[in-house]
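Below is one structure, written out as structure tokens; the observations come after it.
In each ligand, atom 1 is the first atom listed, and ligand 1 is the first ligand listed. Quick note: numbers below take in every heavy atom, side chains included, and nothing from hydrogens, waters or symmetry partners. Positions are given from 1, in the same order as the sequence printed here.
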Amino acid sequence: MQTFIEKMPKAELHVHLEGTLEPELSFALAKKNGIEMSYKTPQELIAAYDFHDLPSFLTIYYAGMNVLVEEDDFYQLTYAYLTKARSEETLYAELFFDPQAHTTRGIAFETIITGIHKAQVDAEQKLGIKSQLILCFLRDMSAESAMQHLDLAMPYLDWIVGVGLDSDERNNPPIKFAEVFAKAKKMGLKLTMHCDVNQNNTLTHINQCISEIQVDRIDHGINSLESEELCTLIKDKKLGLTVCPVSNQFVVQSLTSDEIHKMLDKDMLVTINSDDPAYFRAYLNENLVKLQKEGGFNQAQIVTLVANAFKVAWLDEVTKENYLNQLEDYVAQ
Ligand code: HPA
Ligand code: ZN
């Protein structure tokens, strides 16, 4: 089963580029940019990773980004992730980035997005991995700041497929960003939002995402299972859920395999993803392999989880069909 998973053609729809920053690259960039690291070696840095909830993760995640300064730093970050993903037979990825976490440090929006975009183009040409970019707003910043960053993105609309919402969910409901997301939708962008596991008012947040913001997907969304009504809405609207088992494990001490079984049983379009793989020390294959072991998923269920990601990807129908055919051929062999 492990080899079957590792060789499968896959898609990843929930990965934060800044969460793919490996400690070795951090140290190399810190040296180049003259930034002092708080730890002596990459191993010491990894040993200091201590997450037990969303805020404790975010503190370490934001601190790690300080080494990203020049356009080429964003290029290297992105190219390294796409290289790793392609080596795991990930053929398509939708990548989140957090511009506000960089512009607040004085980095220009153009620097960030140009570095990322150039790496996407090169990786598609040289490695054969296709990717699209999702601009995430930090929900613990103001709606005005989010709107300013949507405006900054205007000249780069061709490089962005959608917008998302991440960072600290506490007291930052989806509705706070209703105007920004309405504008993004008018601009032709797809919409998604994080509804992290076990957050305060999670059912209200999930409901706002669906009914008020009218998202195209939900990131995480595990707690929707607590409401039959929400499950029905998610199913009827064919909304994909981008679940991240190893990420969830830091918060709920389980890979949420029971919940993923329930979603499959209900025919909800659940997908498996890595979230912040450099921090959680698990890329997509590790997420799938660990999940399969914990939950005893059979081959058909694993195939459904992977097929769902291609089905709810923000791609045209022909491209999706091509990927799904590749997956079907692989399974047949
Ligand atoms: N949730 C919220 N914010 C984040 C995450 C996440 O999983 N990863 C990076 N920023
Ligand atoms: Zn996430």
If we number the atoms of ligand 1 from 1 as shown, the ones under 4.0 Å from a heavy atom of L54 are 1 (N), 2 (C)
With rounding to 10 degrees, what does the angle H194:NE2 / the Zn ion (ligand 2) / H14:NE2 come to? 90°
Under 3.5 Å: N/O of H16 near N/O of ligand 1: yes
For ligand 1, does D219 get within less than 4.0 Å through its side chain, its backbone, both, or neither, judged by non-hydrogen atoms? neither
Using a strict cut-off of 4.0 Å, indicate which atoms of ligand 1 neighbour a heavy atom of D276. 5 (C), 8 (N), 9 (C)
Going by heavy atoms, is H220 under 4.0 Å from ligand 1? yes
E12 side chain to Y81 side chain, donor-acceptor N/O pair below 3.5 angstrom: yes
Could you pull out the closest heavy-atom pair between P55 and D168, with the gap in Å? CG-OD2, 4.1 Å
Look at the side-chain heavy atoms of Ile, Leu, Val, Met, Phe, Trp and Tyr, link any pair under 4.5 Å apart, and say whether L157 and F96 land in one connected group. no
Under a heavy-atom criterion of less than 4.0 Å, does F57 contact ligand 1? yes
From the N, O or S atoms in H16, identify the one nearest to the Zn ion (ligand 2). NE2
Counting backbone and side-chain atoms alike, does H220 have an N/O/S atom under 2.8 Å from the Zn ion (ligand 2)? no
Quick check on salt bridge (charged side-chain N to carboxylate O under 4.0 Å, His left out): which of K32, K31, K118 does D73 satisfy it with? K32
Of the non-hydrogen atoms in F310 and L324, which two are nearest, and what is the gap between them? CB-CD2, 3.8 Å
Does ligand 1 have an atom that lies less than 4.0 angstrom from a heavy atom of D168? no
Please state whether the rings of Y279 and Y49 are parallel, tilted or perpendicular, taking 30° and 60° as the class boundaries. tilted
Does an N or O from H14, backbone or side chain, lie closer than 3.5 Å to an N or O of ligand 1? no
4.0 Å heavy-atom contact, S167 with ligand 1: yes
Are L152 and V163 linked, directly or through other ILVMFWY residues, by side chains that come within less than 4.5 angstrom of each other? yes
Closest approach to the Zn ion (ligand 2) by D275, given as the N, O or S atom name: OD1
Compute whether any side-chain donor of one residue and acceptor of the other, for E18 and H102, lie under 3.5 angstrom apart. yes
Ligand 1 atoms in contact with L58 (distance to a heavy atom under 4.0 Å): 3 (N), 4 (C), 10 (N)
Mind checking whether Y61 contacts ligand 1 via backbone (N, CA, C, O), side chain (CB onward), both or neither, at a 4.0 Å heavy-atom cut-off? side chain
If you compare V251, T242, V197, D275 by their heavy atoms, the one closest to atom 7 (O) of ligand 1 turns out to be D275
